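Right, one structure below, let's go through it.
Because the structure is a prediction, the values reported are computed rather than measured. What's counted below: heavy atoms across the whole structure, side chains too, no hydrogens, waters or symmetry copies.
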Amino acid sequence: MTSGQDLLRRPCADEEDPAIRHRAIPDDAAPPTSEEKTRPARSKRVASLDIFRGLTVALMILVDGAGGEWPVIGHAPWNGCNLADFVMPFFLFIVGMAIPLSLKRIPSRARALRRVMVRTLKLLFWGIILQGGYSHAPDKLTYGVDMKQIRWCGILQRIALAYMVVAVLEILTKDTKFENQSTTSCSLFKLYCWQWRSLQWTDMQIELFAACVLAIYFAVIYGTYVPDWEFTVHDSDSQDYGKGFKVICGTRGSLGPPCNAVGYVDRQVLGINHMYRRPAWKRSKACTYGSPHAEPLRNDAPAWCQSPFEPEGIVRLGLLEWACSISAILSTIIGVHFGHVLVHMKSHLNRLIQWISIGISLLVFGIILHFTHAIPLNKQLYSLSYVCVTAGAAAIVFSIFYFLVDIVGLRNLFRPLEWIGMNAMLVFVMAAEGIFEGFLNGWYYESTNNTLVYWIQKHIFIKVWHSRRVGILLYVVFAQILFWGLVAGVLHRLGIYWKL
């Protein structure tokens, strides 16, 4: 019987080194044919990474569908960290971790750069279509957006920025010496020593870049002067529609909603009309008596409660102009380090020691920053404490999945999440962005409120449980997350995937 320690020390078959695969071939095996020599080696997917990606997509569906009824699920109004605030950092962590895995088999830098740029453009395209205002699904049966008010930023756009910067950095710092090394038994020890030095050197370069990113972020956040600013209410549902307001600032270093440098840079570069019109701060105590629920504004609410704010930051070209969203790149860089560990370290135990120690350290450091009031947790500003807490949580959650799935073998327990993770883009578009529900809502009877989606919510979930909050929560869990998990499973059996 294999002991638990031996199980942890056994190399992982999903990401074996080419030298290990070569050594594992029996001596009496038939020599490979010319076709087999030229055929690219196919590696198994890391199941725990797919499951973690599927969990993150499921969380996004949950917070978008039930966050309005359960404030603890939705975004924190300003400072703090609710369940919804972990979704974006988890996505960035996963993107970063997948970068070394996807690029390690592309020897040509030009080819790798071309692949990165194409994926970046695809992410930007779908981000603008889905979150720029063109799609009104699932609530409205219309499409189209006024170019004067299009929203340039969003979840996919921020992922595209972080992916492009970190992937290009990975390509430029990657050395290919080990690919030309002989895989004979005499060179194996040198190969592993070089891989360890390569891991340390590459991570040191990336960490230096991360330190520069952090320094620029702090310089802009605390050093930028924010003057007074004005805006016009464009929300047609507001009683102040068309009115102009002025917000008094004249300060620097503020981390509050109206006068922070993040909003100032967004307004100057993007233009206030191209920013998100329903920021989470509208549910803060200063804006509504029903905080943290979304209720009408107070009569004495400050003017900034009706102003736009872009929580996903800016996709731009100048380094200074990245600053208000550049800290998001740190989450991706941390994920890249985890990917390096997965590629270079072959022992389960060594991998888990690295991941868990880093995860706990980040989590503790971020919590200390928040509760000492040095740097509060804030998703809107993407503060350093927020980066540390969410990245640490991502590290620990992934390590748990890795232990349960890739070591213990409890893969079947998480099959629906794995299927979602293998077709994440499809489920994101159809479920999280409401495209499928919007299609169903287009088939109504007498009234646009009398649709199949509305009937299922009301008669199968809300009436049965005699509670709208519980009914909506169960509807999202079963009619959206579980449903799309099963659909993704069928597509997996058919070999159908939406890849970028």
Return the set of residues passing ring-ring contact (aromatic ring centres under 6.0 Å, His included) with [X] (not counting sequence neighbours), or none when no residue passes.
{"X": "W465", "result": "none"}
{"X": "F309", "result": "W78, W281"}
{"X": "W126", "result": "W498"}
{"X": "F52", "result": "F90"}

List the atom pairs, donor and acceptor, that lie under 3.5 Å between side-chain atoms in residues 394-401 and the rest of the protein, sequence neighbours left out.
unit_1	atom_1	unit_2	atom_2	d
S399	OG	A395	O	2.7

Under 3.5 Å, side chain of [X] to main-chain N/O of [Y], donor-acceptor pair present?
{"X": "S331", "Y": "L92", "answer": "no"}
{"X": "Y386", "Y": "D85", "answer": "yes"}
{"X": "R351", "Y": "L342", "answer": "yes"}
{"X": "R267", "Y": "P308", "answer": "no"}
{"X": "N82", "Y": "P71", "answer": "yes"}

Any disulfide bond (SG atoms under 2.5 Å apart) involving residues 361-390? Give me the pairs, sequence neighbours left out, ordered by first then second residue. none

Is N260 close to L255 at the side-chain level, that is, under 4.5 Å between some pair of heavy atoms?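 No; the side chains remain at least 4.5 Å from each other.
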
Below 4.5 Å, heavy atoms only, C-beta onward: do Q157 and L161 meet side chain to side chain? no

If you measure from CD1 on I129 to CG on L124, what distance do you get to the nearest 0.5 Å? 12.0 Å

Look at atom CZ of F478 and say whether more than 12 heavy atoms of other residues, nucleotides or ligands are closer to it than 6.0 Å. no

Test ring pair (Phe, Tyr, Trp, His ring centres under 6.0 Å) on F93 and F338 and set out the steps. CA-CA 9 Å; F93 178 90; F338 275 60; 5.0 Å; yes

If you look at every heavy atom in V405 and A47, which pair is closest and at what distance? CG1-CB, 3.7 Å

With sequence neighbours left out, write down each residue that passes disulfide bond (SG atoms under 2.5 Å apart) with C287, or none if nothing qualifies. C305

Partners of C259 by disulfide bond (SG atoms under 2.5 Å apart), sequence neighbours excluded?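 C259 satisfies disulfide bond (SG atoms under 2.5 Å apart) with C249 once adjacent residues are dropped.
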
Distance-only side-chain donor-acceptor flag, Q354 / H340, under 3.5 Å: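 On atom types as modelled, these side chains do not qualify, holding no pair under 3.5 Å.
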
Donor on one side chain, acceptor on other, S383 and N378, under 3.5 Å: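 Not at all, the side chains of S383 and N378 share no donor-acceptor pair under 3.5 Å.
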
Going by the rule side chain to side chain donor-acceptor pair (under 3.5 Å), which residues pair with N299 if we only count those two or more places apart in sequence or in a different chain? none

Check: H348 ring centroid to F403 ring centroid under 6.0 Å: no

Step by step, would you call T451 with N441 a side-chain hydrogen bond (donor to acceptor under 3.5 Å, both in side chains)? CA-CA 6 Å; T451 66; N441 286 337; 3.1 Å; yes

For R415, what residues pass the salt bridge (Lys or Arg N to Asp or Glu O under 4.0 Å) criterion, not counting sequence neighbours?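 Salt bridge (Lys or Arg N to Asp or Glu O under 4.0 Å) list for R415, sorted by chain: E418.
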
Could you walk me through whether W355 and Y402 pass the ring pair (Phe, Tyr, Trp, His ring centres under 6.0 Å) test, one step at a time? CA-CA 10 Å; W355 292 336; Y402 184 81; 5.0 Å; yes

Per the salt bridge (Lys or Arg N to Asp or Glu O under 4.0 Å) rule, what does the pair list look like for residues 63-76, sequence neighbours excluded?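 For residues 63-76: E69-R468.
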
Counting only pairs under 3.5 Å, give me each side-chain donor-acceptor contact of residues 424-440, with atom names and distances, residues two or more places apart or in other chains.
unit_1	atom_1	unit_2	atom_2	d
E433	OE2	Q131	NE2	3.2
E437	OE2	Y475	OH	2.5
E437	OE2	Q480	NE2	2.7

